[in-house]
There are 2 protein chains.
Amino acid sequence: MTMVDNMSRGTAFRTSGSGAAAGRRGGVAGDAEGTDWTAGFPGLASLGPEVRAGLVAHSRLASLPAGTVIFGPGKAPENLLLLVEGSVRVQQTAEGGREVVLYRVGAGESCVLTTACLLGYEGYPAEGIAETEVRAVMVPRGAFEDLIVRSAAFRRFVFAAYARRITDLIRVIDDIAFRRIDVRLSQRLLDLAEADGTLRVTHQELALELGTAREVVSRQLHEFQRRGWVALGRAQIRLVEPSALRRLARE
Amino acid sequence: MTMVDNMSRGTAFRTSGSGAAAGRRGGVAGDAEGTDWTAGFPGLASLGPEVRAGLVAHSRLASLPAGTVIFGPGKAPENLLLLVEGSVRVQQTAEGGREVVLYRVGAGESCVLTTACLLGYEGYPAEGIAETEVRAVMVPRGAFEDLIVRSAAFRRFVFAAYARRITDLIRVIDDIAFRRIDVRLSQRLLDLAEADGTLRVTHQELALELGTAREVVSRQLHEFQRRGWVALGRAQIRLVEPSALRRLARE
DNA sequence: GCGCCGTCGGTGACTAAGTCACGCCCGCGG
DNA sequence: CCGCGGGCGTGACTTAGTCACCGACGGCGC
């Protein structure tokens, strides 16, 4: 579904109230031209064709290498991010270097913390890091506001994204406060495993995922190994008995 | 506990171009008539007068007794809540009866989890309970959407509220994962204390606040007492040396 | 007053989790 | 060959959470 006739729809994006320069960069920027990436977003399926075309025209598709810090304390984002490909890890770092992973944003999802920061609030607590190479659509502030005004479907998309993140965070709270770390560790192992049942992570990295200490992870993994559930190597874990891990993870 | 009937679905706000903002009482129920409660919301100060009038006309001021469960699993809300007076506690209850308090909504704030549920997402994880008697403006879904479309100021208000809640949740995660419970307990004591330096709570209630066990709270309080920082009575605590507690809380 | 009962809190013994200090092994570059 | 740094193992210890039980207080009916 190619939408190139977007300019004919002159009214498509005209910021109403705020008049905040809806970055109409001369001749439409970016490599998003022509590709209707909106198909990759289930939540955007019900957008009207003109709205969709306008979105495509006013945003740009960017590629970020793995490891890019997308936002963080003192690094406010400029755009709403819609992930086309890759994965963004949002984490909280405490003093002393300990971390917890709050949630991940995957393909087809949006990074709403961005908009929260952009539109409402200063003082970001968390940071977002590209885990893999990331291809994402950057929707500038003006276009975002305009979409909110024009499209009920887009509003639903955005609010659903917020709700999703909030439930994720509440889940993390529940996990940390009430769940045993062996249970949480087994869940992570299953989540992070490749298709072949191996994962290349250090104990330290797993500890940061779970917001605990390296020694704790090491001991738990050792216990898993003793039971024959995993095989451990240097910075590498092979899941020998995933069904047992799943059973534990369901606690 | 009068539940609000949804009137005026579909039609956008009739902007009362007519007289004063206050005057509209055409069939709109509730005690909100005439009172321009929007003054109590700093975030709404920049709303245009017509928008404000429409908001007043289409919403309804309700009074909920202390203890009312405003939302919860299987109890989806029908309105956006703007608190005029009182306090709502939002908490998470795990199986086994243990709880954590996620955040509180105070006067002048809005309960956005409500909108998230309403507009986007099913499956509420948390529940909201009126801690005191609560006076709140109930904005029905249609009016909410209309406001979002019409007013940039209202959008800012809503997104700021989201951002606020998200940062609150991240703060809770940080606390639970990385802070010692004596530090967290001293913070709560200071937060929950009356002006005269006393609080009437049971150890059990404090434990639920912090997501820990009653015995842990009891032992910590006992230790505080041993140091002469507090005086303990049945379901009552007096802060004897608040400065010492503050010092600890700043850890 | 007396006894009943539910809530509130105290306690000891135990397990789970996190902290601290140290030391080993492996791979790699000089 | 050596040194070095990342990754891991380990023991000893502290802190937090769990379990079982009991006693003390306060309200209430009588």
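In what follows, chains are A, B, ... by sequence order, proteins preceding strands, each numbered from 1.
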In terms of relative ring orientation, are Phe154(B) and Phe144(B) parallel, tilted or perpendicular, with 30° and 60° separating the classes?
perpendicular
Using the rule given for side-chain contact (heavy atoms from CB on, under 4.5 Å), can you reason through Leu185(B) versus Val216(B), listing the C-alpha separation, both sets of side-chain angles and the distance that settles it, and then say yes or no?
CA-CA 10 Å; Leu185(B) 177 58; Val216(B) 175; over 6 Å; no
DNA chain D: Phe178(A) or Arg214(A), which has the more 5' nearest nucleotide?
Arg214(A)
Leading and trailing nucleotides of DNA chain D with any atom under 4.0 Å from heavy atoms of chain A:
dG6(D) to dA12(D)
Measuring to OP1 and OP2 of dC8(C), would you say a side-chain N or O of Thr202(B) lies under 4.0 angstrom away?
no
Derivation of the side-chain contact (heavy atoms from CB on, under 4.5 Å) call for Leu81(A) and Met138(A):
CA-CA 5 Å; Leu81(A) 250 69; Met138(A) 321 274 279; 3.6 Å; yes
With Glu209(B), which residues qualify under side-chain contact (heavy atoms from CB on, under 4.5 Å), at least two apart?
Arg89(B), Val101(B), Arg104(B), Arg188(B), Leu192(B)
Closer than 4.0 angstrom, basic N to acidic O: yes or no for Arg219(B) and Glu215(B)?
no
Presence of His203(B) side-chain N/O under 4.0 Å of dC8(C) phosphate oxygens OP1/OP2:
no
For residues 236-249 of chain B, which side-chain N or O atoms pair as donor and acceptor with protein atoms under 3.5 Å away, sequence neighbours left out?
none

Using the 3.5 Å cut-off, write out each protein N or O paired with an N or O of nucleotides 14-18 of chain C and the distance between them.
residue, atom, partner, partner atom, Å
dA17(C), OP1, Ile181(A), N, 3.1
dG18(C), OP2, Thr212(A), OG1, 2.6

Result of checking Asp168(B), Val88(B), Thr167(B) against Tyr103(B) for side chain to side chain contact (heavy atoms under 4.5 Å, CB included)
Asp168(B)
Residues from residues 223-238 of chain A sitting under 4.0 Å of DNA chain D, heavy atoms only?
Gly233(A), Arg234(A), Ala235(A)
Leu208(A) meets the side-chain contact (heavy atoms from CB on, under 4.5 Å) criterion, sequence neighbours left out, with Glu99(A), Gln204(A)
Short side-chain to backbone donor-acceptor contact, Arg98(B) and Phe178(A), under 3.5 Å:
no
Checking the side chain of Ser87(B) only, and the main-chain atoms of Thr132(B) only, is there a donor and an acceptor separated by less than 3.5 Å?
no
